[in-house]
Number of protein chains: 2
Amino acid sequence: MLNKIVIFGAGLIGGSFALALKKAHAVQQVVGVGRSVAAMERARELGIVDVIATSVAAAVDGADLILIAAPVAQTGAILAAIEPHLQPGTVVTDAGSTKTDVVAAARQALGAKIGQFVPGHPIAGRELNGPDAAIDHLYVGKKTVLAPLPENSDADIARVALAWEACGAIIHRLTAEKHDRIFAAVSHLPHLLAYVLVDDVAKKPHADLLFQYAASGFRDFTRIAGSSAEMWRDISLANQTALLEELDSYMLQLGRLRASLAAADGAAIEAVYSNAQQARQNWIRTIEAAESQKNIQGGD
Amino acid sequence: MLNKIVIFGAGLIGGSFALALKKAHAVQQVVGVGRSVAAMERARELGIVDVIATSVAAAVDGADLILIAAPVAQTGAILAAIEPHLQPGTVVTDAGSTKTDVVAAARQALGAKIGQFVPGHPIAGRELNGPDAAIDHLYVGKKTVLAPLPENSDADIARVALAWEACGAIIHRLTAEKHDRIFAAVSHLPHLLAYVLVDDVAKKPHADLLFQYAASGFRDFTRIAGSSAEMWRDISLANQTALLEELDSYMLQLGRLRASLAAADGAAIEAVYSNAQQARQNWIRTIEAAESQKNIQGGD
């Protein structure tokens with residue numbers, strides 16, 4: 001049982017963390033800190049936070065665990081505000097979608113206290129934002145990646161892991177660098193591609209007509225383009241190197257397919273489509289097998 | 001009530017059409033014609049077709065309506081096989097995702113009988129294929145686009161429209177050219193982009209690791225890459241001109257965003273993401289308003 005946790009940002013990610021811990025009776029008190037007074041008031045109305053902090057000093061005083069769930073570009077500034085007040089018994093973690101930049105910012109902000117920071121990333125989301133989007137089961141059966149630092153104690157890593165497990169999450173460990181390369185490919189690039197497509201369609205003179213005939217395929221393909229533009233701008237910038245590498249790899253393949261299409265080379269087009277179809281079906285089967293295994297083992 | 005319909009292809013599209021008409025008691029007999037004996041036998045087991053045709057001549061004899069629901073590249077050959085046996089009382093339509101090429105193929109195959117062909121395109125789908133994917137409510141509340149020819153009689157157009165309305169579909173009319181430009185942008189291009197992404201990921205040496213961390217965003221973004229590779233190869237080739245135009249427009253925008261990312265130009269990145277987020281939210285609101293309007297009017 002955690003006596004006191006602090007969440008910086010009580011939106012979808014931080015709010016769902018708080019609600020899940022409360023549902024699991026794993027926390028006594030949740031203190032909220034945020035830029036927007038209205039959002040914090042709403043988080044209190046929704047039962048996400050018990051107390052809205054009046055200062056960072058008061059917020060972190062005596063806290064067991066601090067979760068930073070704000071846009072990733074703000075992590076450094078938040079850690080710098082925490083550092084003077086950070087007591088030995090407190091563990092800090094984050095929910096940022098990138099890790100290399102967060103670790104660098106944390107080292108700079110926390111200095112000798114860096115051992116108290118355990119970087120994390122829950123792999124869960126919705127296309128909605130803000131306190132009203134928070135739900136208590138967002139993390140059930142989902143992965144949370146921890147990217148521990150050499151300076152972290154086993155006890156501090158365990159405290160963060162146990163909190164996420166209380167939310168229903170499954171803990172994975174990756175280095176920050178490996179994390180960022182993986183998520184550039186399977187998350188950050190798809191977001192970028194979806195945003196560019198919707199932007200491209202929306203800027204055409206006959207956009208209204210186009211949207212009128214867009215159907216469920218377009219809806220699913222572009223779901224991630226409904227995500228917070230500010231957050232994904234920050235993620236794109238924070239993971240710039242890995243994302244550029246994945247984007248270049250993708251643009252190269254796209255250029256090749258364009259050449260096949262221009263040459264009406266049906267066999268080359270089908271080879272790409274068919275490999276993709278097969279790979280996706282295999283992937284879905286793996287997911288379904290894992291889910292059915294979980295059910296057999298009595299999970300929910 | 002239609003006495004006899006013939007479906008060429010008893011998979012997702014043709015099978016769902018037959019099941020929906022049967023559910024609405026709008027047809028007496030469904031005759032199936034297909035390349036695969038196993039698929040036709042399965043369609044009969046599932047109650048999609050009543051009779052498996054032994055010849056095209058026998059199939060089309062006395063038919064009120066013929067639906068061609070085979071991969072779009074086969075439409076010309078199928079129409080050529082139908083033409084010698086096509087009687088004056090029979091209307092032929094199709095479900096192809098492209099229309100300009102279908103109209104050209106139909107003119108060549110049907111010659112003087114072209115007036116009996118009413119081009120169509122139901123805007124509905126699933127990522128599954130084959131008779132087992134067919135469901136009786138696939139078309140409920142969905143658009144079916146008709147692209148009538150100057151040679152069509154009003155009665156023939158009405159027969160096709162009524163059949164789709166019996167399936168629950170809402171009829172829209174577009175010219176073949178406008179249809180193809182619209183669907184290149186909102187359907188064919190997204191499919192191409194999703195296929196290329198999954199193919200790109202699947203070909204990387206650490207593909208297994210990448211798929212392990214791919215989550216719901218990746219799943220939705222790539223859902224359309226689970227579609228039939230053969231069908232989408234044909235669609236891509238059939239709508240080559242419009243698709244190349246949309247792809248070039250997209251690649252231009254993608255190149256611009258790449259430059260913004262390489263320059264770490266956060267404002268330029270956010271402008272694209274934010275415009276996309278806003279446009280998608282507006283679009284979703286329009287869909288939801290239309291759906292709630294439909295419910296108020298007593299639809300299901």
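Reminder, nothing fancy here: chain letters follow the sequence lines and each chain counts from 1.
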Region of [X] in contact with chain A, defined by heavy-atom distances below 4.5 Å:
X	result
B:Leu257	side chain
B:Asp234	neither
B:Trp232	both
B:Ser187	neither

Test A:Leu247 against B:Leu254 for side chain to side chain contact (heavy atoms under 4.5 Å, CB included), laying out the working first. CA-CA 9 Å; A:Leu247 179 55; B:Leu254 198 58; 4.0 Å; yes
For chain B, which of [options] has the most heavy-atom pairs under 4.5 Å?
options	result
A:Ile123, A:Leu243, A:Leu174, A:Leu261	A:Leu261
A:Ser260, A:Ala124, A:Gly255, A:Gly266	A:Gly266
A:Gln240, A:Arg181, A:Gln253	A:Gln240

Listing, residues 269-276 of chain A side-chain donor-acceptor contacts under 3.5 Å, not counting sequence neighbours, or none:
| residue | atom | partner | partner atom | Å |
| --- | --- | --- | --- | --- |
| A:Glu270 | OE1 | B:Arg233 | NH1 | 2.6 |
| A:Tyr273 | OH | B:Ser236 | OG | 2.8 |
| A:Asn275 | ND2 | B:Asp199 | OD1 | 2.6 |

Return the minimal non-hydrogen interatomic distance between A:Leu237 and B:Ala264, and the atom names on each side. CD2-CA, 3.6 Å
I need the minimum non-hydrogen distance between A:Val198 and B:Ala279, along with the two atoms involved.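 For A:Val198 and B:Ala279, the tightest heavy-atom pair comes out as CG1-CB, 4.1 Å.
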Not counting sequence neighbours, which residues clear ring pair (Phe, Tyr, Trp, His ring centres under 6.0 Å) with A:His179? List them please.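 So A:His179 forms a ring pair (Phe, Tyr, Trp, His ring centres under 6.0 Å) with A:His121, A:Phe183.
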For the interface with chain A, which of [options] has the highest count of heavy-atom pairs at distances below 4.5 Å?
options	value
B:Asn282, B:Val201, B:Thr222	B:Thr222
B:Leu252, B:Asp248, B:Thr241, B:Leu189	B:Asp248
B:Ala185, B:Ala262, B:Ala202	B:Ala262
B:Lys203, B:Gln281, B:Arg219	B:Arg219

Does A:Lys143 have more than 12 heavy atoms from other residues, nucleotides or ligands lying within 6.0 Å of its NZ?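 It does: A:Lys143 NZ has more than 12 such atoms within range.
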Going by atom type alone, with no hydrogens or angles, which donor-acceptor pairs under 3.5 Å involve a side-chain atom of residues 204-215 of chain B and a protein atom two or more places apart or on another chain?
| residue | atom | partner | partner atom | Å |
| --- | --- | --- | --- | --- |
| B:Lys204 | NZ | A:Glu246 | OE1 | 2.9 |
| B:Lys204 | NZ | A:Ser249 | OG | 3.2 |
| B:Tyr213 | OH | A:His172 | ND1 | 2.9 |

Whether the side chain of A:Arg258 engages the backbone of B:Leu244 through a donor-acceptor N/O pair (distance < 3.5 Å, no angle test) should be reported. no
Assess the residue pair B:Phe221 and A:Ile224 against the criterion (side chain to side chain contact (heavy atoms under 4.5 Å, CB included)); give the C-alpha distance rounded to whole Å, side-chain angles, the decisive distance to 0.1 Å, and a yes or no. CA-CA 7 Å; B:Phe221 183 87; A:Ile224 49 185; 3.8 Å; yes
Interface residues of residues 190-197 of chain B facing chain A - heavy atom cut-off under 4.5 Å: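 Residues B:Pro190, B:Leu192, B:Leu193, B:Ala194, B:Tyr195, B:Val196, B:Leu197 are the ones that qualify, each having a heavy atom under 4.5 Å from chain A.
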Using side-chain heavy atoms (C-beta onward) and a distance below 4.5 Å, is A:Ser216 in contact with B:Arg223? yes
Measuring only between side-chain heavy atoms, which start at C-beta, is A:Met251 closer than 4.5 Å to B:Asp200?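 When only atoms from C-beta onward are counted, B:Asp200 and A:Met251 do not touch, as no gap falls below 4.5 Å.
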